[in-house]
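Along the sequence shown, residues are numbered consecutively beginning with 1.
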Amino acid sequence: MIETSNFKEIIKKSQKRCTKYQISKQRIFPTRTLEGKEFYKALEINSTLIKISRPFMEILYDFLKGSGFSLYLTDKEGFVLSIIGDEDIINSISKVGIVEGADMSEKSTGTNAIGTSIYEDCSVQTSGGDHYINAYHTFTCSAAVIHDEEGYITGCLNLTGRFHLAHPHTLGLVVAAVKSIEYQLKVEKAQNELFIAYQYLNKVMNSLNSGIFAVDTTGVIKAINKSACSMLDVTEEEVIYKNADKILDNWKYILGEIIAGKDYENREVIYPYKDKSKKFNFNAYPIKNKDNKVIGIVAIFKDIKNIYSLVNKYTDKNSSYNFHDIIGNSQEIINVIEQSKTIANSPSTVLIQGESGTGKELIAQSIHNNSSRNDNSFIAINCGAIPTSLIESELFGYEDGAFTGAKRGGQPGKFELANGGTIFLDEIGEMPFEMQVHLLRVLEVSCFNRVGGNKCISIDVRIVAATNKDLKKEVEKGTFREDLYYRLSVIPIFVPPLRERGGDIEILIEYFLKAKAIKLGKPVPKIPNDIYEMLINYTWPGNVRELENCIENIVNMDGNTSFKFENKSLEKNETRLSKKPFEYDMCTLEQWDKRAIQNCIKKCSGNITKASKILGINRSTIYSKIKKHDS
């Protein structure tokens, strides 16, 4: 256990030394930074220390990646030799001159974890005001001295983060890593150092929420933390020193990928142990010896449900529909399917247009699932459902402290979550005008900044947008950017309304009757002829969605319905057609066409199906002609 009770006394003595050195608290930069040949000479002198320490720094950073920390390795005098960590904290610290080559001794930078630990030859943690120089008050640092085989100081390892991240575990993590480095210096037998490293790191591993275990190249588990045991519902005794096949049935494949030098990150794996079926987000990293040979693997995983919880109520990561789920055999819908299949694998943006209820998202999901991106995320976001004040952070995420109420550590946006996959921007016509320029930039350069951040995040996302509005008219009205419209409509797809899909209503009625009967646990009802005729002849302004809801109503009511069939558009057309009768012997061919349709519909009591058979044309043509005559 690390003794911390004497830290205050150590820091107090250090502060007195700094006063004696006449160091200004207003100083920002170290008094000395090695550069050029001088720095390369320091690297050469300490090459063994760097070579042995760097792998352990990488193992340590694998545990801390994304948590806001960076690691610093120095020589025995306190000159920084190597840095690894999160880019944002490294950049922040570099602004006060802490870079490779910087002198971190007390005489150069006052009281700090590195300089004080080297002076006192002990592990030290400094946070906020513990630092002598004011510019360092925003940081917390934990440092441990590295000794050679004879007990002499040969270097120092330091872990730095922002002040609010201060925690005793960070110093324990550094001390454990230093112990492993010292063992490596003594023994240089890779398998033994890996085992010893995990013995020292075990307590720290158990403080993490992620599941972690380490194996050798034969697949034997050398270490496992409590979180992993809890997620897998096993005890340490059941799996330690056992083959990893007991945990993952595809372990040999994973091991082969790692040995072949391939990345194995953010994969979805299924856990089959004890007849369970859990899904995890899985990452595996190689441990290599001095000859760059893989000698083991560190595996880190999280319950995939926790990963998905990042996606809030406005987002749907599921894409369960495919082209075979689209019901209908009219030429109109077949054309849409064929067009969508043709462009499915293209990276170009797609703009799906159509009335509400026509199945625009079904087309979008089918395009995604028929593309090479189908193993990655499909994220749908309704641009009209998110408050204007939140849409930027929802799409692009935000950094820690970006605004009041922001989650600690920040949060990724939907574009980050969709990286490698597809993002579906539904109701794109409802996107606030001021946000459209941000979306346009993403389309142009494939990168963006989080709210409150300055790091440009590059992405590979296929954008599919949808709207029931006429975006050209919105452009004319000034509510939609013209440049964004043309960027989105590289591949325009028009989904026809149900009334123009000749013969599909009957097919959809049959399909929904069976589907809703199964859903409701009821028998498929027999629909009375008069209701069936109304179903066939209704214009369905709400399209497939309205028909589906109507059929569910019918199944619930055992064949009857409380649905109101109001063919307002047809009634309007019929009224207007009958307002001005004309003479049989003095009219144009177009007028004869109009009268023939009008009379036929009237004789058939409004039954469009019967009228279409008598006239020898399909129902969509009748509606088209009525619309034409009515214009």
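Here the side chains of Phe378 and Gln365 are in contact, with some heavy-atom distance below 4.5 Å. Between Leu425 and Ile381 there is a side-chain heavy-atom pair separated by less than 4.5 Å. The side-chain heavy atoms of Phe480 and Thr467, taken from C-beta on, include no pair separated by under 4.5 Å. Residues Leu232 and Phe301 meet the side-chain proximity criterion, which asks for heavy atoms closer than 4.5 Å. At least one side-chain heavy atom of Ile337 sits under 4.5 Å from a side-chain heavy atom of Ile326. With a 4.5 Å cut-off on side-chain heavy atoms, Lys455 and Asp88 do not count as touching. Residues Phe63 and Val298 have side chains in contact (heavy-atom distance under 4.5 Å, counting atoms from C-beta outward). Contact annotation: the side chain of Ser348 never approaches that of Ile343 to less than 4.5 Å [non-hydrogen atoms, C-beta and beyond].
In this structure, Glu510 pairs ionically with Lys514, as a charged nitrogen and a carboxylate oxygen lie closer than 4.0 Å. Lys516 has a carboxylate O that lies under 4.0 Å from a charged side-chain N of Glu552, or vice versa, which qualifies the two as a salt bridge. Salt-bridge check for Glu444 with Arg441: failed, with every basic side-chain N at 4.0 Å or more from each acidic carboxylate O.
With values rounded to the nearest 0.5 angstrom, Glu416 atom CD is found 11.5 Å from Leu395 atom CG. Rounding to the nearest 0.5 Å places CD1 of Ile367 at 16.0 Å from OH of Tyr321. Taken to the nearest 0.5 Å, the SG atom of Cys383 stands 9.0 Å off from the CE atom of Met435. Atom CG of Leu508 is separated from atom CG of Leu513 by 10.5 Å, given to the nearest 0.5 angstrom. How far CG of Asn537 is from OH of Tyr532: 10.5 Å, rounded to the nearest 0.5 Å. Between the CD1 atom of Ile551 and the CG atom of Leu535 there is a distance of 5.0 Å, given to the nearest 0.5 Å.
Of all heavy-atom pairs between Ala228 and Asn225, the closest is N-OD1, 2.9 Å. When every heavy atom of Ile493 is checked against every heavy atom of Ser340, the shortest pair comes out as CD1-OG, 3.6 Å. Residue Ala466 comes nearest to Leu351 through the heavy atom pair N-CD1, 4.4 Å, listed as atom of the first residue, atom of the second, then distance. Heavy atoms only, all atoms of each residue included: Thr358 and Gly354 are closest at OG1-C, 4.0 Å. Taking both residues in full, the closest heavy atoms of Leu417 and Ser377 are given as O-OG, 3.3 Å, listed atom of the first, atom of the second, then distance. The two residues Ile423 and Ala418 have their closest heavy-atom pair at CB-CB, 4.1 Å.
Within the 3.5 Å criterion, the main-chain N or O of Gly66 finds a donor-acceptor partner in the side chain of Asp86. Looking at Thr561, its side chain does come within 3.5 Å of a backbone N or O of Phe563 through a donor-acceptor pair. No donor-acceptor pair under 3.5 Å is formed between the side chain of Lys526 and the backbone N or O of Gly559. In this structure a side-chain-to-backbone donor-acceptor pair under 3.5 Å is present from Lys360 to Glu355. A donor-acceptor pair under 3.5 Å is formed between the side chain of Asn553 and the backbone N or O of Ser562. A donor-acceptor pair under 3.5 Å links the side-chain atoms of Asn335 to the main chain of Gln331, judged by distance alone. Under a 3.5 Å cut-off, the side chain of Thr160 and the backbone N or O of Phe139 do not form any donor-acceptor pair. Of the possible polar contacts, none joining the Glu392 side chain to the Tyr398 backbone as a donor-acceptor pair under 3.5 Å is found. Distance alone, capped at 3.5 Å, places no donor-acceptor pair between the Asn369 side chain and the Asn322 backbone. Side-chain atoms of Asp504 come within 3.5 Å of backbone atoms of Asn329 as a donor-acceptor pair (strictly under, hydrogens ignored).
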Residue pair Ser356, Asn468: steps toward the side chain to side chain donor-acceptor pair (under 3.5 Å) verdict: CA-CA 6 Å; Ser356 293; Asn468 59 10; 2.7 Å; yes
Please determine whether side chain to side chain contact (heavy atoms under 4.5 Å, CB included) holds for the pair Tyr486 and Val475, giving the CA-CA distance in whole Å, both sets of side-chain angles, and the decisive distance to 0.1 Å. CA-CA 11 Å; Tyr486 288 113; Val475 169; over 6 Å; no
List the steps, then state whether salt bridge (Lys or Arg N to Asp or Glu O under 4.0 Å) holds for Glu332 with Arg501. CA-CA 6 Å; Glu332 290 80 3; Arg501 293 169 52 179; over 6 Å; no
Side chain to side chain contact (heavy atoms under 4.5 Å, CB included) between Arg373 and His368, worked out: CA-CA 6 Å; Arg373 298 173 180 267; His368 171 78; 4.2 Å; yes
Yes or no on side chain to side chain donor-acceptor pair (under 3.5 Å) for Tyr538 and Glu546, after CA distance, side-chain angles and deciding distance? CA-CA 11 Å; Tyr538 187 54; Glu546 184 183 16; 3.1 Å; yes
Are Ile428 and Leu439 close enough, and set up right, to give a side chain to side chain contact (heavy atoms under 4.5 Å, CB included), and what steps lead you there? CA-CA 11 Å; Ile428 188 67; Leu439 177 58; 3.8 Å; yes
The test is side chain to side chain contact (heavy atoms under 4.5 Å, CB included); show your working for Asn543 and Val495 and say whether it passes. CA-CA 11 Å; Asn543 294 293; Val495 185; over 6 Å; no
CA sep, side-chain torsions, deciding dist, call: Glu476, Lys473, salt bridge (Lys or Arg N to Asp or Glu O under 4.0 Å): CA-CA 5 Å; Glu476 292 172 2; Lys473 289 185 178 179; over 6 Å; no
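Classified by interplanar angle (parallel below 30°, tilted 30° to 60°, perpendicular above 60°), the ring pair Trp540/Phe565 is perpendicular.
By the 6.0 Å contact criterion, CG on Asn454 is open, its count of non-hydrogen atoms from other residues, nucleotides or ligands being 12 or less. Open room surrounds NZ on Lys95; 12 or fewer heavy atoms of other groups in view lie less than 6.0 Å from it.
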